[in-house]
Every structure is written in C-alpha cells, then in structure tokens.
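The next block holds one structure in the form of structure tokens; read it before the comments.
In this text the structure is predicted, and so the values were computed from the model without any measurement.
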Amino acid sequence: MPETQKRLLLRLHAGFFRHLNEQLYTCHSSETNRLFSSDPSVFAKYHELYRTQVEKWPENPLLKVISELEKLPNRTTIADFGCGDALLARTLKNKRVYSFDHIASNEYVTPCDMMHVPLNDQTVDVVVFSLSLMGKNLSDYISEAHRVAKPRGKLRIVEVKSRFESVSDFVSKLANLGWRVDNVDHVSNNVFIWIRAVKQERRASGPVDLRLLPCLYKCR
Ligand SMILES: C[S@@+](CC[C@H](N)C(=O)[O-])C[C@H]1O[C@@H](n2cnc3c(N)ncnc32)[C@H](O)[C@@H]1O
C-alpha cells in the first residue's frame, strides 16, 4: 500500500478510536452495552486499536496486578471487572477467575454490563478494575464489587493518573462506598496509579458521585 494511503488509514483508525473512547468514558454503561451488543465488530475494532495503544506503553499496568495476585493461594477467587480479552484469567490459570466485559472476545469472558455481574453475594476474594472505570456510573460498578466481595475482600484498581482531579476525594468516596483504601501507589510510574482497598461497611446510605475524568488517548 502506498505511504499516503497508509497514513490516511492510520488517521481514520485514530479518529475512530478517539470517538469510541470518548463515548465509553462519557456515557452510561447501559448505552455502551447496547452499542457493543448491537454490533460486536465495533468492540473487536476497539480492542484491536487498544492493543496497539498498550504496545506503545513502557509497561502494561495490568502485569503488575497479575504478578501480585500470582502470589495468592490457588483457592483465591478473583473477579476481573472490564477484563478486555481476559489476560488476567489466561495468565492465572491456577486461580478461580471470573472475567466480565460487555462482549465475550474469548471463552474466558462472561458478557455483561459489570454494574450487574452474575455472581452471588460475598463470594469473591479480590475484585480487579484494570483501566476499566469507564462511563458515568462508576459508583454502580464499585457498589457491585462490594456486593460480590467476601467480608474483608480486596479491591485492586489501576487507572491512568491524569484521570484523577483529586486522589484524596476519590479515596474518600471509595470509603463511602464501603472500601477502605490501604495503599495508593502513584510514584512507581509516571502514567498509572494503583489503588489497594479492603471491604468494610458502606458509609453512605444514599448515592455517591464517584467520578474520574475521561481518558483521552493521543493516537498518533
Ligand atoms: C481499556 S480496556 C482494559 C481491559 C483490561 N482490563 C486490561 O487491563 O487489559 C477496558 C475494558 O473495560 C470494559 N468495560 C468498561 N465498562 C464496562 C461495563 N460497564 N461493563 C463491562 N465491561 C466494561 C470495556 O469494554 C473494555 O474492554
């Protein structure tokens, strides 16, 4: 293919990725779920472009979460909320891992909107959100994680640093939603932040407005 055509195609892909990304970060998850379910090829294309993006990063931040979870006993039950192509489950084959995403891109994934996952109450040791806190209704996901986590169950979040207007505000809202933050690692990497929390009693009886800024990747 001639160079000019290649460049044009790349720009088209970048535009598509940016547009879809914006939709994922700014809409309610039920809208995104409708979009992906009505045309799973959009989801496949999104992930193809997302993988290209990951390859440009010096490290995949999910690998740090995986290496920590690897050390836990084999009987540990893990729920990967917004798992993508389920790298976590494919790597940790000796653990019980439930993987959820809008669309099942392989046999490891259960398709659903993660505001309602098909797991019973208090059955999970660790809930993971790796770059998956997308959409308007973040507190629905965190509440759902709280429902499925065992007493003193763990929460692991990895997100892009620039999405946080105030980490301490995010941490206090997590506490209102029933998660006591034990550790925030924002120094070992310039781009990502890792949060570790433990399940406690939910403090807020009403809604909690948990927010992050949209993550707008620069696709070049
Ligand atoms: C940026 S990808 C990261 C994938 C994977 N966790 C990783 O670290 O490689 C975020 C994923 O979260 C999923 N996701 C976001 N909101 C979701 C929701 N409400 N229900 C199910 N999946 C969701 C997206 O579909 C996407 O596959």
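Under the rule for a salt bridge (charged side-chain N to carboxylate O under 4.0 Å, His left out), Arg96 has no partner lying at least two apart in sequence or in another chain.
Between the side chain of Thr76 and the backbone N or O of Leu72 there is no donor-acceptor pair closer than 3.5 Å. Remark: side-chain polar atoms of Ser139 are not paired, donor with acceptor, to backbone N or O of Leu210 under 3.5 angstrom. Put simply, the side chain of Arg163 gets close to the backbone of Leu133: a donor and an acceptor are under 3.5 Å apart. Looking only at distances, a side-chain donor or acceptor of Asn106 sits under 3.5 Å from a matching main-chain atom of Asp85. Side chain of Thr52 to backbone of Glu48: a donor-acceptor contact under 3.5 angstrom is found.
Between Lys161 and His186 the shortest heavy-atom distance is NZ-O, 2.5 Å. Nearest heavy atoms, Val109 versus Ala104: O-CB, 3.4 Å. When all heavy atoms of Ser162 and Leu213 are compared, the closest pair comes out as O-CD1, 3.7 Å. Listed here is the closest heavy atom pair of Ala79 and Val124: N-CG1, 3.8 Å. Scanning all heavy atoms of the two residues, the minimum distance from Leu138 to Leu212 falls at CD1-N, 3.7 Å.
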- prompt: For Ser143 and Arg202, what are the C-alpha separation, side-chain angles and deciding distance, and is it a side-chain hydrogen bond (donor to acceptor under 3.5 Å, both in side chains)?
  reply: CA-CA 9 Å; Ser143 299; Arg202 191 185 153 111; 3.2 Å; yes
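Residue Phe164 qualifies as enclosed at atom CZ: its count of foreign heavy atoms under 6.0 Å is above 12. No more than 12 heavy atoms of other residues, nucleotides or ligands sit less than 6.0 Å from atom CD of Glu201. The number of heavy atoms from other shown groups lying within 6.0 Å of CG (Asp121) is above 12. Residue-environment remark: NE2 (His116) stays at or below the threshold of 12 foreign heavy atoms within 6.0 Å.
The residues Glu144 and Arg147 are annotated as salt-bridged, a charged nitrogen and a carboxylate oxygen being separated by less than 4.0 angstrom. We find that Lys154 and Asp182 are not joined by a salt bridge, their nearest charged nitrogen and carboxylate oxygen being 4.0 Å or further apart. Using a cutoff of 4.0 Å between basic side-chain nitrogens and carboxylate oxygens, Asp209 and Lys173 are not scored as salt-bridged. Taking a cutoff of 4.0 Å between a charged side-chain nitrogen and a carboxylate oxygen, Glu68 and Arg196 qualify as a salt bridge.
Put simply, Val117 and Leu88 are part of two different groups of oily side chains (I, L, V, M, F, W, Y) that touch within less than 4.5 Å, one to the next.
Side-chain contact of Asp185 with Ser188: a donor-acceptor pair under 3.5 Å is present, judged by distance alone. In this model, a donor atom of one side chain and an acceptor atom of the other lie less than 3.5 Å apart for Asp113 and Ser29.
Note on ring orientation: taking the six-membered ring where Trp is involved, the planes of Tyr46 and Phe17 are parallel (angle under 30°, cut-offs 30° and 60°).
Between the NE2 atom in His102 and the OG atom in Ser30 there is a gap of 9.5 Å [rounded to 0.5 Å]. A distance of 7.0 Å separates CG of Leu62 from CG of Asp80, quoted to the nearest 0.5 Å.
Both tests pass for Lys64 against the ring of Trp194: distance under 6.0 Å to the centre and angle within 45° of the axis.
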